[in-house]
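Quick notes on the structure that follows.
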Amino acid sequence: MHILVFNGGSSSLSYKIFNFESPEKITLILKGKAYRVGVKGTQASYIENCYQGRTDKEVVPIPDHKTAAVLASQYIVTHKIPVDAVGHRFVHGGEYFSRSAILDDASLKKVEACLPLAPLHNPISFHVIQEAKKVFSDIPHYLVIDSAFHATIPAKAYTYPLPEEIVERYKYRRFGFHGISYSYISHKMPQILQKPAGKINMIVCHLGTGGASVMAVKDGKSVDTSMGASPNSGLIMSTRSGDIDPMAILYMIEEGGHTPAEVENILNNKSGLRGISGFSSDISDIVDNRADPALGVQANLAFDMYIQRLRGYIGSFVMTLEGKMDALVFTDDIGVNNPVVREKVCASLAWAGIVIDKDKNQRAPKDAQAFIQASSSKVAIISMPTEEELMICIEGGRMLGGRYDRVSAGRPDRDRVLSGQR
Amino acid sequence: MIVLVQAGPTGIEYCLVKDNKRTVRRTGLDLDLLKEKIQQDAQGVEIAVFGYRVENGGDRILRSVMDVAPSLIANLGEEFQIDMDSDHVMKDCINFCRRHFVVSRHVLLCESAFLRALPEHARRFAIRDEKDDQTIRRCGRHGLAHEWALDQCRGDQKVLGPRTITLFLGDRSNLIALQDGAPQASSDGFSEIDGVVSSYGAGLIDTSIVFQLLSSGKSCEEVKEILSTQSGLLALAGTPCHLEDILTRKDAKAGFAREILTYQILKYIGSCAAVLGGVDTILFVGEPGAGMKDLIEDLLAGMSFLGVQPSSGSRRSKGITQLTGKDSGITAYYLPYDRWQVMEDLLERGDTHAAGEAAASSAISTRADRE
């Protein structure tokens, strides 16, 4: 069964086609990505496809994610790559989705209702869904939702102590995100730890170049996480503030003269590492400039704040798990590419039985899983890449039973695709 | 004889301490009446010291105990905060008392000063300072209680390890992580709302909630009102309540409120432990009331995996109770909180900063330079 997976980022669209034979036997057929989607500037947008050992790069204007989806579909249809199902990543399912779902008319209406819940993410997925359904109209489409993984969080962790009528009206609660990544990590852990999934306790740090979060897993289920009702809460991120006193927002409006929309933009796009350092949103830049005479003060402040917030959340989740942990996992770009971050974070966690091996940490590969704990550590420390698109494929394979009758299915609307109609 | 004063939006409360006896009175906002009552209670005895409790000293009042100087109180009550009225009232009260009780010493007892010593990376939020406005910082509350608790445990008792957490339990609980007595992290934020859920305050919430409430048509004032007077334990328990109510009521809503409060405090303890690299000592500070013992026991139980071994509680001097046995991984103590006693003890400690005016002037010129 060939599954096409779409994963929209703020300025990119990743897509892959997998041949799904079973959750344990999946091969990658096509890997593609549209870059600089909707980004104005001197550098051009382009789309890149890796298929059958070749990499094709096309420099072409990509003003929005709809265009990106059309270009991706054109490549697939032109190269006659069969597709039996399409999986879509969806960040915030609110109260509408507590698990993955087949996209039918009813669920599409729910998707539209969810658009305001994550205005920076959900509309992107929706546009991609719309275009993909036009081209691949006669095959199943399904959603895999980031927030759904955290549906198991107990009430004491997800409840915001707000007036009941407000909670009811707006459905405020801690939803959590990065669920697809966490789902992948959880899927791999039984094999890595040689322990049944339902008995695994761990803390996972998904540290991305965009968003970042931490999750506590007890008996294989999410029981708390650092992101809340929106993706801008919890950890300090590249351009997002993470946790901040709500009164600070009102101060910025009343005393700073900003509109609410301006403050929201500041907190989402001009804060975090960028806001503190004043020169970069990239943790690698921050680390590299810590000794710089001109930038060092701000770089160190940004780094120290990033580490302290991350340590704090790990420490809090050690309490959530009552100290019973099998593993501390670091994943996604910053999690696997920055041994300095791992080392600094773990330096203050020996009280929780977490002791890092500095040498193993430095030598940990960036493209594979590695154990990096010292022999005295009571907890395994693992650096491992995440595979969100693969997880979306696995989820789809499970939902669809792993097989699809390609012969009796309709063909994609080739004529519409090749003529460039949207 | 000393007079300790604290203000609220609807009135002033004072405690007159004479010969180890206390007289506590409450007046409205009529300062002439206040003067009359104090003089009546003093019965002709000279008042040596007035101690004024101030909530938010901003970046002018740099120590918990400082002699009053005009420059220190010039902007009192004008800092952006939820409850401006108490400091605004206190400013008028201080000026009045200085005019009418000229031979007495007048001393500020500032709740926020203790956390001024937080390192920059712990005070800041992850936002840029606009036009060098450094207002948005963690301010801290109940600094007097935390500092007092440390004072009580220092010296001969030698109960403090290098890594200490002080935990104030009350209608608004907060925690401070200390390394060798210096604050390293706090659960408190910029306002009284942030941090642990409180009687009426929401605690730490997602920023998107604020934006959504504003976009639904609510004004900033209305949002402040919701988050500071209609949320918290009140919202969870369904009725106005103090901490003691949550701890003693048997209904399901109160039980749920208590579960959330306990969970949040334990998470903050973990967060403090991660910052400090472990914990040697925890000081619980709270008013001795119904349910307090049970709450502390629950919190100690949540730390059992850290080797905490509760004991039946042995009394030490100064009213301190040791809660853990000698083999416990973390040593825990309980100090009963009495706000007047805290103020009195800090005054008597004599940490009044004679150079306070100079330090304050320096802080003010630094701020003026930045502006």
message = At a 4.5 Å cut-off on heavy atoms, which part of L266(B) comes close to chain A: side chain, backbone, both, or neither?
response = both

Part of V263(A) lying under 4.5 Å from any heavy atom of chain B = both

ask   = Considering only heavy atoms, which portion of A257(B) lies under 4.5 Å from any heavy atom of chain A: side chain, backbone, both, or neither?
value = neither

task = Would you mind checking which part of L213(B) comes under 4.5 Å of any heavy atom in chain A, side chain (CB onward), backbone (N, CA, C, O), both or neither?
result = both

task = Using distance alone, with no hydrogens and no angle criterion, decide if N265(A) and N269(A) have a side-chain donor and acceptor under 3.5 Å apart.
result = yes

query = So which of I266(A), I249(A), I276(A) has the biggest tally of heavy-atom pairs under 4.5 Å with chain B?
reply = I249(A)

request  = Determine the option with the most heavy-atom pairs under 4.5 angstrom with chain B, choosing from Y170(A), Y313(A), Y172(A), Y160(A).
outcome  = Y172(A)

ask   = So, R138(B) and S186(B): side-chain donor and acceptor under 3.5 Å apart, yes or no?
value = no

ask   = Can you tell me if R240(A) and S230(A) form a side-chain donor-acceptor pair at under 3.5 Å?
value = no

query = What part of I354(A) gets closer than 4.5 Å to chain B, counting heavy atoms only: side chain, backbone, both or neither?
reply = neither

request  = For the pair H92(A) (side chain) and A229(A) (backbone), establish whether a donor and an acceptor sit closer than 3.5 Å, ignoring hydrogens and angles.
outcome  = yes

query = I314(A) versus chain B, heavy atoms under 4.5 Å apart: side chain, backbone, both or neither?
reply = neither

inquiry  = Is a donor from one side chain sitting under 3.5 angstrom from an acceptor on the other, for S191(B) and Y251(A)?
reply    = no

key: Contact class of D133(B) relative to chain A, heavy atoms under 4.5 angstrom   = side chain

remark   = Okay, E120(B) and chain A: the region with an atom under 4.5 Å from a heavy atom over there is both

remark   = Comparing G323(A), G278(A), G228(A), S233(A) against chain B, the one with the most heavy-atom pairs below 4.5 Å turns out to be G323(A)

ask   = Which one, V197(B), L233(B), I205(B), leads in non-hydrogen pairs under 4.5 Å with chain A?
value = I205(B)

query = Side chain, backbone, both or neither: which part of I166(A) has an atom under 4.5 Å from a heavy atom of chain B?
reply = side chain

inquiry  = Among C272(B), A202(B), G189(B), which residue has the highest count of heavy-atom pairs closer than 4.5 Å to chain A?
reply    = A202(B)

